[in-house]
Amino acid sequence: MNYKYNAARCAQCFLLLLLSYSLPAPSHPFFLPQQLPRFHAGGRPPHKHLHSFPTPQITSPPHPSPSGLILVDSFSPYHGHYLSSAALEKYNATIINVYSPYVQSILMSQPNLTDDEISKIEAHGIPTGPSLTDWSTKCGVEITSIICESDSGLRATELLASSLNLSPERSNDVGEWRRDKALMYDYLQGTVKMPKTRLCRNEEEAVSFAVQLGVDEFGGGKSVVVKPKRGVASGDVYKCSTTAKIIESVSRIIGSSKFGEEGAVVEDVLVQEFVEGAEFAVDAVSRSGEVKICAVWRYTKREVPGGDFVYCKTELVGECFSDPEDDKLCPAVDDVDGVIVFETLCDFVEETLHNAGVEWGMSHTEIMVNLPTGRATRKADVELTLIEINCRQHNTDFAPVTEACVGYNKLDVCLEAYLGDCAEDGNGGVHRQYDDTDMTWDMVPRRPRLFARGAIVHLQCNVEGVVKKVDLGCIPDLDSVVKVEVYNDFKKGCYVTRTKTMAEDAGWIHLVADDQVKMEKDYEKIMEQMDNIWEIEEGENIDDLFVV
C-alpha cells in the first residue's frame with residue numbers, strides 16, 4: 001500500500017476541492033428517478049408514443065478506444081455525468097446513454113412534450129429482441145461495461161448486460177434479491193446476521209408478527225421497522241413502538257405507488273425487528289469478485305414529527321494514516337477501539353458481497369454495529385447486523401469529501417474496475433490518460449485510510465410555507481466548512497415542507513478538517529443554526545399556491 005503516494009494525492013485533492021466549489025451547484029441527487037414521479041402522481045395519461053426504435057445515443061472522444069461504456073439513467077452532475085466525463089477523458093471510452101423503462105415511462109408522462117422530445121426520449125430506450133443486435137452494431141465499438149446510476153434501473157441494467165453477454169465475466173448476473181429486500185433476507189439466510197423479518201400482506205399479519213417480537217399496545221415493549229420491500233432514501237420507513245402505529249404505517253404503504261414499477265402499487269410490507277446500535281454504510285467496488293472498500297461512513301439520524309429516520313450527518317471513519325493512536329483522527333464507536341470496528345466492518349462487507357453474488361460494480365451496504373461487552377479489543381467483540389445491500393453509488397455528492405480525506409473516490413475506482421483492463425489496444429497503444437495522481441486497479445488499497453476528517457451534513461428544513469429568506473448565518477465561515485449547497489427547491493419564493501426523509505433534504509454541507517474535535521464543534525454549531533436558516537412568508541394560504 002503506497003501511503004506516501006496517497007498522502008500527496010490527498011494534499012492535492014484538498015486544494016482541488018476548494019477550487020472546484022466555485023463551479024455551479026448541482027441539482028438534487030434524487031431528482032431522477034426518485035423524485036420525478038411526484039410530478040405525475042396525479043395520474044396524467046402518458047403521451048402517445050411515436051414508436052421510434054431505440055438508436056444509440058453516443059458520445060465519442062476525439063481518439064476513441066475500442067471500449068464502449070453504457071450508462072443507464074445518467075442524470076446527476078456528480079454521479080452519471082462525472083462517470084461520463086472521466087471515462088471520456090481518462091480512458092477515451094465511447095459513452096452510450098440509455099434510459100431504463102421506468103425512467104423512460106416517467107419522462108414520457110410529462111405534460112406538453114413535443115413530438116421531437118418524445119422521439120428523443122424513445123431513442124434513449126433499451127433495445128430488446130431482434131433490435132438489440134442492430135442497435136449494438138450501430139454503437140460502433142465493443143461494449144465492455146455497463147453502469148447504472150438509478151436504483152430503479154438496476155434490473156433493466158442486469159437484463160441488458162445478460163443480453164449483451166457481459167455477465168458474468170463483465171457484469172453481475174440477473175439477481176432479483178439484490179433489489180428486493182425480502183428476497184435478499186431469504187437469499188442470505190444463514191450466512192450473516194440479519195434482523196428478524198417477515199413479509200406481511202395486511203395489518204393483521206403485521207401486528208401479529210410485531211407482537212411476537214415484543215411490541216405492545218401501549219409502547220412499553222420493543223420496536224419494529226415497517227417499510228416497503230423496495231425503496232430508497234428512507235421513504236415510507238417507519239419506526240413503530242405501538243400496534244396502532246403499525247396499523248397506520250401499513251395502511252400508508254400498502255396501495256401506494258411501487259418504487260421502480262410504473263403504474264404498480266405496493267401489495268405487502270416488511271416488518272422487521274428494530275436493531276439498536278450505531279449505523280454504518282460501507283462503499284465498495286467489485287471487479288470479478290475482488291472487493292475494494294472505498295469509504296466507510298457512520299450515520300447520525302434523529303426522529304422528527306412525521307419522520308423516524310432523518311439524516312443529520314454522514315461521517316467518514318477509518319484507520320488513520322498519520323497516527324492511529326491520535327484521538328483527533330482515530331475513529332471511535334462510543335469509547336471503544338474504532339480501528340477494530342473498522343476492520344471487522346470491512347471483513348463483513350467483503351464476505352457479504354461474495355455471498356450475495358455481487359461480483360462487479362459499486363455497492364453501498366448498511367450495517368448496524370453493537371458491542372455487547374462494551375469494548376472492542378478483538379473482532380469477536382463486534383456484533384454486526386446486515387440491514388441492506390444496494391448495488392449502486394452512495395446517493396450524495398461524496399466524491400469531493402473522499403478525495404480530500406482518503407485520496408481517491410468510488411466513482412474513479414469503478415471506472416478503473418471496468419475500463420482499466422481495456423486500456424491497451426493490442427498493438428502497443430495505451431488509451432487511458434493517467435496523470436501522476438491516478439491509480440490503476442492494483443494500486444487502489446484494499447481498505448481506505450484517512451488523512452483528514454470529513455463529513456456530509458444533511459440540511460433539514462424544519463418549516464413549511466413560502467420561503468421569504470434563506471440565511472445561513474455563520475455556517476459558511478466555520479473552519480471545517482468547505483461547501484454549502486441549498487437545493488433550488490428550497491430557495492426564496494419556493495414552497496417548502498419539513499424534511500422527513502433523505503429524499504426531502506434541503507441541501508448539504510461538506511466538512512473537511514484535520515482535527516476531529518474542531519469538526520465536531522462546527523457540526524454542533526450547524527445543527528444549532530439549522531432551525532433559523534429558512535424564514536417563511538407570513539399569512540400565506542397553502543390553497544392559493546396550487547390554483548390552476
side-chain contact (heavy atoms from CB on, under 4.5 Å) with [X]: which residues, sequence neighbours excluded?
{"X": "Ser74", "result": "Leu71, His81, Asn97, Glu149"}
{"X": "Glu290", "result": "Lys292, Trp441"}
{"X": "Ile254", "result": "Val250, Val269"}
{"X": "Glu267", "result": "none"}

Is the closest side-chain heavy-atom distance between [X] and [Y] below 4.5 Å?
{"X": "Ile456", "Y": "His510", "value": "yes"}
{"X": "Leu415", "Y": "Lys90", "value": "no"}
{"X": "Gln460", "Y": "Glu504", "value": "no"}
{"X": "Asp151", "Y": "Asn390", "value": "yes"}
{"X": "Tyr418", "Y": "Tyr91", "value": "no"}
{"X": "Leu270", "Y": "Val226", "value": "no"}
{"X": "Asn409", "Y": "Cys294", "value": "no"}
{"X": "Glu315", "Y": "Thr300", "value": "no"}

Determine yes or no for a side-chain-to-main-chain donor-acceptor pair under 3.5 angstrom, with [X] supplying the side chain and [Y] the backbone.
{"X": "Asp505", "Y": "Gly507", "value": "no"}
{"X": "Arg453", "Y": "Leu316", "value": "yes"}
{"X": "Thr197", "Y": "Pro195", "value": "yes"}
{"X": "Ser150", "Y": "Gly153", "value": "yes"}
{"X": "Thr396", "Y": "Phe398", "value": "no"}
{"X": "Ser84", "Y": "Gly80", "value": "no"}

Can you measure from [atom1] ([X]) to [atom2] ([Y]) and round to the nearest 0.5 angstrom?
{"X": "Ile147", "Y": "Cys414", "atom1": "CD1", "atom2": "SG", "value": "4.0 Å"}
{"X": "Ile118", "Y": "Gln110", "atom1": "CD1", "atom2": "CD", "value": "11.5 Å"}
{"X": "Leu107", "Y": "Ile121", "atom1": "CG", "atom2": "CD1", "value": "5.0 Å"}
{"X": "Ile96", "Y": "Gln57", "atom1": "CD1", "atom2": "CD", "value": "10.5 Å"}
{"X": "Lys500", "Y": "Cys461", "atom1": "NZ", "atom2": "SG", "value": "9.5 Å"}
{"X": "Leu132", "Y": "Asp134", "atom1": "CG", "atom2": "CG", "value": "9.5 Å"}

Identify the heavy atoms of [X] and [Y] that sit nearest to each other, and give their distance.
{"X": "Ile293", "Y": "Pro448", "answer": "O-CD, 3.0 Å"}
{"X": "Thr501", "Y": "Thr499", "answer": "O-CG2, 3.5 Å"}
{"X": "Val444", "Y": "Tyr408", "answer": "CG1-CE1, 4.2 Å"}
{"X": "Met184", "Y": "Leu386", "answer": "CE-CD2, 4.4 Å"}
{"X": "Glu117", "Y": "Asn112", "answer": "OE1-O, 4.0 Å"}
{"X": "Ser286", "Y": "Val291", "answer": "OG-CG2, 3.7 Å"}

Are [X] and [Y] close enough that a side-chain donor and a side-chain acceptor fall under 3.5 Å?
{"X": "Tyr185", "Y": "Gln272", "result": "yes"}
{"X": "Ser100", "Y": "Asp73", "result": "yes"}
{"X": "Tyr187", "Y": "Asn355", "result": "no"}

Exercise. Passes side chain to side chain donor-acceptor pair (under 3.5 Å), Asp397 versus Trp508? Steps please.
Worked result: CA-CA 9 Å; Asp397 186 12; Trp508 43 255; 5.2 Å; no
Can you sort out the partners of [X] under salt bridge (Lys or Arg N to Asp or Glu O under 4.0 Å), two or more places apart, ordered by chain and number?
{"X": "Lys193", "answer": "none"}
{"X": "Glu279", "answer": "Lys301"}
{"X": "Asp186", "answer": "none"}

For this session: Any side chain to side chain donor-acceptor pair (under 3.5 Å) involving residues 160-172? Give me the pairs, sequence neighbours left out, ordered by first then second residue.
Result: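 Every pair satisfying side chain to side chain donor-acceptor pair (under 3.5 Å) with a residue in residues 160-172: Arg170-Asp421.
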For this session: Could you go through the side-chain contact (heavy atoms from CB on, under 4.5 Å) check for Leu164 and Ser136 one step at a time?
Result: CA-CA 8 Å; Leu164 293 170; Ser136 58; 4.2 Å; yes
For this session: Kindly state each residue pair satisfying salt bridge (Lys or Arg N to Asp or Glu O under 4.0 Å) with at least one member in residues 152-166, sequence neighbours excluded.
Result: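 Found Arg155-Glu176, Glu158-Arg178, Glu158-Arg179.
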For this session: Go through the steps to decide whether Val496 and Asp489 satisfy the test side-chain contact (heavy atoms from CB on, under 4.5 Å), and finish with yes or no.
Result: CA-CA 7 Å; Val496 298; Asp489 290 343; over 6 Å; no
Problem set entry | SB check Lys181 Glu388 (cutoff 4.0 Å) |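 Yes, Lys181 and Glu388 are salt-bridged.
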Exercise. Taking 4.0 angstrom as the limit, do Arg287 and Glu359 come out as a salt bridge?
Worked result: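 Salt bridge between Arg287 and Glu359, a charged N being under 4.0 Å from a carboxylate O: no.
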Restricting to side chain to side chain donor-acceptor pair (under 3.5 Å), what partner residues turn up for [X], sequence neighbours left out?
{"X": "Thr314", "result": "His458"}
{"X": "Tyr299", "result": "His364, Glu366"}
{"X": "Glu350", "result": "Arg446, Arg447"}

Problem set entry | Stepwise side-chain contact (heavy atoms from CB on, under 4.5 Å) check, Val225 with Tyr238 | CA-CA 6 Å; Val225 175; Tyr238 304 101; over 6 Å; no
Exercise. Are Phe75 and Tyr99 close enough that their ring centres sit under 6.0 Å apart?
Worked result: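 Yes - the distance between ring centres of Phe75 and Tyr99 falls below the 6.0 Å cut-off.
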Exercise. For Val482 and Leu511, what are the C-alpha separation, side-chain angles and deciding distance, and is it a side-chain contact (heavy atoms from CB on, under 4.5 Å)?
Worked result: CA-CA 6 Å; Val482 292; Leu511 304 180; over 6 Å; no
